[in-house]
Amino acid sequence: MLTINQIRENSDFIIERLKVKNFKADEIIDRIIQLDTSRREIQAKTDSMQNEMNRISKEIGSMMKEGRKDEAEAAKQKTYSLKEEIKILSEKIGPVENDLRTEIIKLPNLPHESVAPGKSAEDNVLVRQGGTIPEVSDKALPHWDLIKKYDIIDFDLGIKLTGAGFPVYLGKGAKLQRALISFFLDEGVKAGYKEVMPPIMVNEDSGFGTGQLPDKEGQMYHATLDNFYLIPTAEVPVTNIYRDVILNADVLPVKNIAYTPCFRREAGSWGAHVRGLNRLHQFDKVEIVRIAHPDRSYESFEEMVTHVESLVARLDLPYRIIRLCGGDMSFTSSLTYDFEVWSAAQKRWLEVSSVSNFESFQANRLKCRFKDKGDKQTRLVHTLNGSALALPRIVAAILENNQTEEGIKVPEVLIPYTGFDMIS
RNA sequence: GGAGAGAUGGCAGAGUGGUCGAAUGCGGCGGUCUCGAAAACCGUUUUUCGCCUAUCGGCGGAACGGGGGUUCGAAUCCCCCUCUCUCCGCCA
């Protein structure tokens, strides 16, 4: 969420910038400023009455000590009406604060200045492209056929055990998963990220912290007996490490990397685009999360993009990097680059990573702040995250792009991890 | 699942109705001493909201797990909730 100070000080700028996200903010902002003004008025009044109240109470205290009982009794009389007024006022402030909050959380994050306006994916901007799109024969199989041919992933078995969207990885398929996870983690650690292995269930507070709750409740699996949620991404537990925390500026940027399974309910949607590994209820992902100094968060962003790019490049996957336009970005993001890899048999680009800078939007909700050395005041940090990488579509692309008569060639960088160079 | 104990500042830990935002210790920061460091000594060290101020800053409110209550006055008394720990049971 945006801070009230941001809104109050830059209301025109905010209205202008949110147009890029096709969001009409003027009426909401008017209401916010009105609510905030009345909140301040009430606050100022109660504060001064409370001050008076405290003063009298202290007097009564010393009168009692000195045995001036009658005077104390008289002073008590004075407090009754004051107490009543304070009660009335303080009952007013709660609802005003609630209304203010409900209005503020309606406002999406401001897009970065580089974000183009636009309505949908059509208006996204190609940042750059890399690798070469492989020539595959007309007989090339989509990955959902390849996995059957080589018996490496079994969807039907997953249906038996759990349900649709919970695949079972078998033999070399399972090993390939493990190899990718290790490769991604090792590369991250080499790049200075600290490996974290968090719980994959979180409590309600954590769900709120990163914004899954209350709005997107239906997207998470909910263990109701204990009121825990299965995480949709490692972003949730890893970012919540820094909930209600004040960091020293010298630890920034914090760089964490975590592998976790991810769980998404994602109801709806059928057809070729969600076939096979394209969309699952459970999948594996390595996530990078950064907590950055607000003055340097875009340096962090660039480093993350470069890191993710090096991963897809080293896997020899043709890729492109896309800057999402205002209309295609998430509510919470300021800048998002999507990474897509080419899937030869499906003949389309598959999204495998999304790197975002949330600036202080998420930090404000999390109450994650930092202090510069010697500084008295706290400031909100910037948070960033990105997939590095999500496995299923990477696997899909590897299978489809690397298929040969003899089998599927394992990317060179993975061979030390798999121990085999061919799935056949 | 059963029984009990507890929740106070970065940590440890005191505080059972009246200058308590909170003793003390540790840690952190600044300084004295030193060529430098350690030790010792001195000082400093929670967060948040509002008002005033060009700024430095000043004044005031709130917060001792969360919510409610009693009272002129609550960290302290009462009620509800949440969480943590210990022992037993079960168990990878």
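Numbers restart at 1 for each chain; the letters A, B, ... are given by sequence-line order, proteins then strands. Worth saying up front: this structure is predicted, and the values here are computed from it rather than measured. For the numbers below, each heavy atom of this structure counts, side chains included, while hydrogens, waters and symmetry mates do not.
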Notebook entry, point to check: In terms of the nearest nucleotide of RNA chain B, which residue is placed more toward the 5' end: A:Ser48 or A:Ile60?
Noted result: A:Ser48

Check: Would you call A:Glu59 and A:Arg55 a salt bridge, taking side-chain N to carboxylate O under 4.0 Å as the test?
Finding: yes

Check: Quick one: salt bridge (charged side-chain N to carboxylate O under 4.0 Å, His left out) partners of A:Arg290, sequence neighbours excluded?
Finding: A:Glu303

Margin query: Tell me whether A:Glu27 at atom CD has more than 12 heavy atoms from other residues, nucleotides or ligands lying less than 6.0 Å away.
Written below: no

Item checked: A:Glu84/A:Lys87 ion pair, N-O < 4.0 Å -> no

Note to self: Rounded to whole Å, please give me the gap between CG in A:Asn248 and C1' in B:rG27.
What the structure shows: 13 Å

Checklist line | Nearest-nucleotide pick for A:Arg369, side chain only, options being B:rG73, B:rC49, B:rU47 | finding: B:rU47

Checklist line | C1' atoms of B:rG15 and B:rA23, separation to the nearest Å | finding: 8 Å

Check: Under a 3.5 Å cut-off for both distances, is B:rC33 Watson-Crick or wobble paired, and to whom?
Finding: none

Notebook entry, point to check: Reckon A:Ile56 touches a base, only the sugar-phosphate, or nothing at all at heavy-atom distances under 4.0 Å?
Noted result: nothing

Notebook entry, point to check: C1' atom, B:rG31 versus B:rA39: distance in rounded Å?
Noted result: 16 Å

Notebook entry, point to check: Considering every strand shown, what is the Watson-Crick or G-U wobble mate of B:rU71 when both distances are under 3.5 Å?
Noted result: none

Check: So, is A:Lys76 near the phosphate of B:rG73, with a side-chain N or O under 4.0 Å from OP1 or OP2?
Finding: no

Next item on the list: Please state the C1' separation for the pair B:rU45 and B:rA37 - nearest whole angstrom.
Entry: 24 Å

Item checked: Distance, rounded to the nearest Å, where A:Asn203 contributes CG and B:rU84 contributes P -> 9 Å

Notebook entry, point to check: Using purine N1 to pyrimidine N3 plus N6-O4 or O6-N4 for Watson-Crick, or N1-O2 and O6-N3 for G-U wobble, both under 3.5 Å, which nucleotide pairs with B:rU76?
Noted result: none

Next item on the list: Would you mind pulling out the nucleotide paired to B:rC26, Watson-Crick or G-U wobble, both distances under 3.5 Å?
Entry: B:rG10

Notebook entry, point to check: Which nucleotide sits closest to the side chain of A:Thr378: B:rU47, B:rU71, B:rG18?
Noted result: B:rU47

Check: Rounding to a whole Å, what distance do you find between A:Arg39:CZ and B:rG61:P?
Finding: 18 Å

Next item on the list: Fit a plane to each ring of A:Tyr337 and A:Phe301, take the angle between them on a 0 to 90° scale, and name the class: parallel (under 30°), tilted (30 to 60°) or perpendicular (over 60°).
Entry: perpendicular

Next item on the list: Could you check whether A:Thr46 gets within reach of a base, just the sugar-phosphate, or nothing at all, counting any heavy atom under 4.0 Å?
Entry: nothing

Next item on the list: Pick the C1' atom in B:rG2 and in B:rU8, then give their distance to the nearest Å.
Entry: 30 Å

Margin query: I'd like the C1' distance from B:rU76 over to B:rC20, given in whole Å.
Written below: 10 Å

Next item on the list: Please state how far atom CD in A:Glu41 lies from atom P in B:rG60, giving the value in whole angstrom units.
Entry: 23 Å

Notebook entry, point to check: In this structure, are over 12 heavy atoms from other groups packed under 6.0 Å from A:Met422 atom CE?
Noted result: yes

Note to self: Taking pairing as Watson-Crick or G-U wobble with both contacts under 3.5 Å, can you name the mate of B:rG65, or confirm there isn't one?
What the structure shows: B:rC81

Note to self: Taking the P atom in each of B:rG25 and B:rU82, what is the distance between them to the nearest angstrom?
What the structure shows: 39 Å

Checklist line | Non-hydrogen atoms of A:Arg243 and A:Ser206 that approach each other most closely | finding: NH2-OG, 2.9 Å

Next item on the list: Mark yes or no: A:Lys172 above the aromatic ring of A:Tyr150, with NZ or CZ under 6.0 Å from the six-membered ring centre and no more than 45 degrees from the axis.
Entry: no

Item checked: Integer-rounded Å distance: B:rG65 P and A:Asp205 CG -> 16 Å

Next item on the list: Take the protein atom CE of A:Met53 and the nucleotide atom P of B:rG18, then report the distance between them rounded to whole Å.
Entry: 17 Å

Next item on the list: With RNA chain B as reference, determine whether A:Ala75 or A:Gln377 sits nearer its 5' end, using the nearest nucleotide of each.
Entry: A:Gln377

Next item on the list: Have a look at A:Thr79 and say if it touches a base, only the backbone sugar-phosphate, or nothing, with a 4.0 Å heavy-atom cut-off.
Entry: sugar-phosphate

Next item on the list: Ignoring backbone atoms, test whether A:Asn54 places a side-chain nitrogen or oxygen under 4.0 Å from the OP1 or OP2 oxygen of B:rA62.
Entry: yes

Margin query: Whole angstroms only, please: what is the CD-C1' distance between A:Gln50 and B:rC51?
Written below: 16 Å

Notebook entry, point to check: What nucleotide, of B:rA62, B:rG60, B:rG50, holds the atom closest to the side chain of A:Gln43?
Noted result: B:rG50

Margin query: Does A:Asp47 contact B:rG60 through a side-chain donor or acceptor facing the base, at a distance under 3.5 Å?
Written below: yes

Next item on the list: For A:Leu82, report the nucleic acid contact type (base, sugar-phosphate, nothing); a contact means any heavy atom under 4.0 Å.
Entry: nothing

Margin query: Any strand counts, and the cut-off is 3.5 Å on both contacts for Watson-Crick or G-U wobble. Which nucleotide pairs with B:rA39?
Written below: none

Checklist line | Pairwise C1' distance for B:rA22 and B:rA75, with rounding to whole Å | finding: 8 Å

Next item on the list: Identify the nucleotide, in any strand shown, that forms a Watson-Crick or G-U wobble pair with B:rA54, with both distances under 3.5 Å; if there is none, say none.
Entry: none

Margin query: Distance check, C1' atoms only: B:rU19 and B:rG6, in whole angstrom units.
Written below: 30 Å

Item checked: Under 3.5 Å on both distances, the Watson-Crick or G-U partner of B:rU86 -> B:rA3

Check: A:Ile246 CD1 to B:rU48 P: how many Å, rounded?
Finding: 6 Å

